[in-house]
J.: 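Below: one structure in structure tokens.
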Amino acid sequence: MNLAKIKAVLAGLGYLAIVSLAAYNLRGELFGSSVPLASANSTPVATAPVAATPEPAVQSASNSGSASAQNDQKTPQQASQPTLKTEKPAAPGKQASAQEKTSARTQQSLVPVAGNGSVAAGERLPNFLLTGLNGNTLNESTLRGHKTLFIIVSPTCPHCQKELKLLHEIQNDYPSIEPVFASVFPLNETRPLADMTGESDHIYTGARDLATSLGVTGVPFLMLIDEKGIVRAIRKGELQEPDFRDILGRFARGEQVPQVSQLRNWTSLPGDQA
Amino acid sequence: MASKAVSYLDRGILPIRILFGALFLYTSLWHGMHGAKFLQSIRDYQIAPGSLVPWSGFLFIALEAGVGIALVFGYFVRPVAIAAAVLLSVFTIAMVSAIVRGLDIACGCGLGDTQVGWLDVARDVLLIAVALLIAWRTGKERVPQVQTA
């Protein structure tokens, strides 16, 4: 084999190696995301059952605080939804609803799951477990059934403090949206945030792993999550009241929220590079 | 004087081409290894529709790798250098558009991954000039002549 052939083989192999590496790393995005945003928007799939999640669902043990308020919105049947394994053959009269449930599960399982360092509109959050200041817990499945304003915050971030104070004042104007403030710090370090902002019911702790999994490098990091648990919009950095009212109003009315990146007034998380 | 400068340039075009190709190879490798981060950067630019982002990201990586390999190994140098200039122009336009729209987003270039700014635009313009220089002078390289008696 002469030098030219060796060169050609090396070039071909090098190219194949890089493209294969990229394809491997992007396989989830390239081949896994099969639900178009429009269909996810228009499909009348109500609260997806807990059993629909492809990952092992962590059952919520929450009995108080906002998580319990969220659970209150579910019927007892929904709360005690059987897992896929325990599903029984449907009676003839119930066949249609069983089909609907299967369709809902299929739809839900086709929605791409965020993680591996990124999150985008149209995806749903990976499973997580947060603990509230009152000891209540919150996981991915408890976000379903209502609209959620999910903000990853840090108690040491001045922008987060301002944002929480503002939201504490205006959240009553948007009763259909449940706020969740997920702190990346543990409980004892997060408690001062409640004292500073007057907000305590909606603050949760232990979001560091979730933030890492979503590739969040700074706070506040805001996500609007719809009733199906699908992220509809992402905003990075502190928002002022008019912007907040604009996006919350649109989200509450079920309108499209513009996707605008805003990294100003943003605090980098320790140990990360923004 | 000018012809002397061009002569020096032609002697240097081979290492310039290889370094330039290596830069593309490095960025394609970085983008391939940090796929999710790269796609998030593309999303942050808010230019490509969401459904097209994964495939456009993959296409960018494949093109970068192709350009890098071809320039390092010396295949189809002139058209590939022009393709590199076009690719860099696309990146530059995207960056200018992000700056103009006031988006404070990560560059996604694979070179330090800083917030996008005019310095990145200037760097890309410089790289476009290098790509065009390679395309212009390819085939005119001179190797040092061995003096014979």
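Order of the sequence lines fixes the chain letters, A, B, ..., with proteins taken first and strands second; residue numbering starts at 1 for each chain. Scope of the values below: all heavy atoms of this structure, side chains included, with no hydrogens, waters or symmetry mates.
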J.: Heavy-atom distances under 4.5 Å only: say whether A/A23 touches chain B with side chain, backbone, both or neither.
T.: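 Its backbone and side chain both get close to chain B.
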J.: Quick one: of B/G32, B/G57, B/G68, who has the most non-hydrogen atom pairs under 4.5 Å with chain A?
T.: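 Of the options given, most contacts go to B/G32.
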J.: Evaluate the side-chain proximity of B/L29 to A/L21: yes if any heavy-atom separation is below 4.5 Å, no if none is.
T.: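 A/L21 vs B/L29: side chains touch.
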J.: What's the shortest heavy-atom distance between B/G66 and A/Y15, and which atoms?
T.: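 So the two residues come closest at N-CE1, 3.2 Å.
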J.: Hey, could you give me the CD1/CD1 distance between A/I18 and B/I69, rounded to the nearest 0.5 Å?
T.: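 One finds 5.0 Å between CD1 of A/I18 and CD1 of B/I69.
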J.: Is it the side chain or the backbone of B/Y75 that comes within 4.5 Å of chain A heavy atoms, both, or neither?
T.: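 Just its side chain gets close to chain A.
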J.: Supply the atom-to-atom distance B/W55 CH2 to A/L26 CG, rounded to the nearest 0.5 angstrom.
T.: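 Between B/W55 CH2 and A/L26 CG, I get 9.5 Å after rounding to 0.5 Å.
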J.: Using a cut-off of 6.0 Å, state whether more than 12 heavy atoms not belonging to B/L52 lie near its atom CG.
T.: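 Atom CG in B/L52 is packed in, count exceeds 12.
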J.: Need one label for A/A4: side chain, backbone, both or neither, based on atoms under 4.5 Å from any heavy atom in chain B.
T.: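 For A/A4, backbone heavy atoms alone lie under 4.5 Å from chain B.
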J.: Hey, does the side chain of A/N25 reach the backbone of B/G35 with a donor-acceptor pair shorter than 3.5 angstrom?
T.: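 No; zero donor-acceptor contacts below 3.5 Å.
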